[in-house]
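Worksheet: one structure, shown below.
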Amino acid sequence: MTTIGDPSATHPRPDSARAGHSGDPSKGSRLGWILKLLIVVACVGGFAYLERTGKLPKPVQDAYEQAKGLVLHTAEHSPPPDPRDARAPSKTTWHGLVEVDDDQIEALSLKVVAVRAQTDPIKLELTGRTAYNENSLTKIRPRFDTLVEGVLAEKGRRVKKGDPLVALFSTELATAKNAYQTNYVQWQHDLRLLKLREKLVKTGAISEQTFVDTKNDESKSRLGYYTSWENLRVLGVPDSEIEPLIANLGEAPTAEHLLNIADKAKMTLRSPVDGIVVQRDVAPGNLYDNSNVLMVIAPVDKLWVMVNVYERDQSKVALGQRMTIQFPFLQKTAAGVVEYVASEVSKDSRAVQARASIPNPDGSLKADMLVRAVLDVPPIPGQTVVPRLSMVVINGDDYVFVRKRSESGPEKRFERRKVVVAQESSDFVIIHNGLEAGEEVVTNGSLILAQLYEDLQMVNTGMPPN
């Protein structure tokens, strides 16, 4: 940061400046002429009011009429000011610059600083919450019409892969198991017959046509067996419950075997993953079909973080940006990367949601926890950084005062320039456009320059400040 002007140089001000005058004789006479005119107008206006109300005495009224005629005659017949007269006001073109001398610089403690290019990322502060990873949710549902005999896991319970969840009873399931057993028995019969006739056809005991028909029957029954086996897999029957169905079909059934056959309508849904039961929509004694979700299991080793990006900041967020997630009530932080940015604005929050994933190996983090996130927005070429003291806000617009430069070096004239702010903090402001790196802007004294600018604008243009 530098101080404008050369402290070693002394520039004595004129006597008129020390006396509080501008030193321009034409300006003083012009002000006196305006003051006299205002006094005359005020007097004329007062007498006019008394005349209309009838309160003006007759002698005074006659004098007033003579004075009014004199004023009007003077205004109509007096020539305009001669531009060659040194007392006549001169019309100069104002270029919108504020010029100060060394004494004013010292009195105002006016300082400037060089504008620097943005090199550090913008820290965009966001709020949000945690959520379960919807892409890894496991929905437990029956794949056939069934009656629920029992619910073996409650909401909020942690389960391991293979743990029982729901006990089912279904006649559709029993029919599928019966078809599997029947097809298996038929295939075994046709297979044995094929092996027997293969020997007979070699000795000529049976015809080739009979052997071909037998071979075809074995192929069809084998296809039916594998089709019924695949059907049981589609219905969700595990292999551990399929194999016992055909274990002893070639032997005389025992009491235990008959009991297993009687229980073919029963099946237990088991958890296919490790996780926690986050939703339960099932009750014993109710009928369900394949459109009903009985339970939802969510993994807890990873969570989503959904943050709200408001519309004014949505252009700053992109995939791959890093963010630091803070849990204010746990004194814990985690790192994440933007994986998804929504394509629509939420009707409730009026914000665009961005998502990141964070690890949760110990399961200490829960869903729907409040978080604060700090998103690192990479620096954008062309953006610059200035001190917060440089900013002047006028009617909602942001301005800075830029020192003019010439071939001989920096000047003591300053331009008020409108800028577009990308981000503000208590110490500095990131400018999106309006400034270039290397230019110099005023820090201390920027507010006073703003007032001087408005005064000069009023004097030189006659227009009020914008």
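Heads up: numbering here begins at 1 and tracks the sequence. Note that the structure is predicted; figures quoted are calculated from it, not measured.
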Atom pair [atom1] ([X]) and [atom2] ([Y]), whose distance is rounded to the nearest 0.5 Å:
X: Y340; Y: Q353; atom1: OH; atom2: CD; result: 8.0 Å
X: L232; Y: L245; atom1: CG; atom2: CG; result: 7.0 Å
X: S221; Y: N216; atom1: OG; atom2: CG; result: 9.5 Å
X: Q186; Y: S228; atom1: CD; atom2: OG; result: 12.0 Å
X: L456; Y: R416; atom1: CG; atom2: CZ; result: 11.5 Å
X: L269; Y: T146; atom1: CG; atom2: OG1; result: 8.0 Å

Do the non-hydrogen side-chain atoms of [X] and [Y] ever get within less than 4.5 Å of each other?
X: V441; Y: V113; value: yes
X: Y180; Y: Y225; value: yes
X: D301; Y: P361; value: no
X: T333; Y: F327; value: no
X: N292; Y: V282; value: no
X: L435; Y: V400; value: yes
X: V112; Y: R403; value: yes
X: V317; Y: L375; value: yes

Practice problem: Begin with the C-alpha distance, continue with both residues' side-chain angles, and end with the deciding distance and a verdict on side-chain contact (heavy atoms from CB on, under 4.5 Å) for L173 and L168. | Solution: CA-CA 10 Å; L173 176 63; L168 307 179; over 6 Å; no
Using only atom types and a distance under 3.5 Å, with no angle test, would you say the side chain of [X] pairs donor to acceptor with the backbone of [Y]?
X: N231; Y: T227; result: no
X: S390; Y: V386; result: no
X: E424; Y: V421; result: no
X: S219; Y: K215; result: yes
X: Q423; Y: K123; result: yes
X: N183; Y: A179; result: yes
X: S170; Y: A265; result: no
X: R270; Y: G162; result: yes
X: E106; Y: D103; result: no
X: E172; Y: D145; result: yes

Quiz item: Under the side-chain contact (heavy atoms from CB on, under 4.5 Å) criterion, do V442 and F414 qualify, and how do the steps go?
Solution: CA-CA 9 Å; V442 176; F414 299 90; 3.6 Å; yes
Might you point out which heavy atoms bring [X] and [Y] nearest each other, and give the distance in Å?
X: Q383; Y: I122; result: NE2-CD1, 4.1 Å
X: A153; Y: M295; result: O-CE, 3.0 Å
X: G336; Y: I325; result: N-CD1, 3.8 Å
X: Q314; Y: V352; result: OE1-CG2, 3.7 Å
X: E241; Y: V237; result: CB-CG1, 3.9 Å
X: D190; Y: E218; result: CB-CA, 3.6 Å

Quiz item: Mind checking whether Y453 and Y399 have ring centres under 6.0 Å apart?
Solution: no
Below 4.0 angstrom, N of the basic side chain to O of the carboxylate: do [X] and [Y] qualify?
X: R158; Y: D274; answer: no
X: K418; Y: D397; answer: yes
X: E440; Y: R405; answer: yes

Quiz prompt | Partner of T138 under side-chain contact (heavy atoms from CB on, under 4.5 Å), chosen from P299, P272, S271 | solution =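 It is P272, the one option of P299, P272, S271 that forms the side-chain contact (heavy atoms from CB on, under 4.5 Å) with T138.
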Quiz prompt | Residue that, paired with L365, satisfies side-chain contact (heavy atoms from CB on, under 4.5 Å) out of T130, V371, L330 | solution = L330
Hey, are [Y] and [X] close enough side-chain-wise for a donor-acceptor pair under 3.5 Å?
X: S406; Y: E411; result: yes
X: S364; Y: K332; result: yes
X: Q279; Y: D281; result: yes
X: T384; Y: E436; result: no
X: D289; Y: S291; result: yes
X: E134; Y: W304; result: no
X: S425; Y: D427; result: no

Neighbour count above 12 (heavy atom, 6.0 Å) for [X] [atom1]:
X: E125; atom1: CD; value: no
X: K316; atom1: NZ; value: yes
X: R222; atom1: CZ; value: yes
X: R417; atom1: CZ; value: yes
X: R350; atom1: CZ; value: yes

Quiz item: Between I431 and V420, does a side-chain contact (heavy atoms from CB on, under 4.5 Å) hold up when you go through it step by step?
Solution: CA-CA 6 Å; I431 304 299; V420 177; 5.8 Å; no
Practice problem: Dump the intermediate steps for side-chain contact (heavy atoms from CB on, under 4.5 Å) on M267 and F144, then the final yes or no. | Solution: CA-CA 11 Å; M267 189 182 80; F144 44 80; 3.7 Å; yes
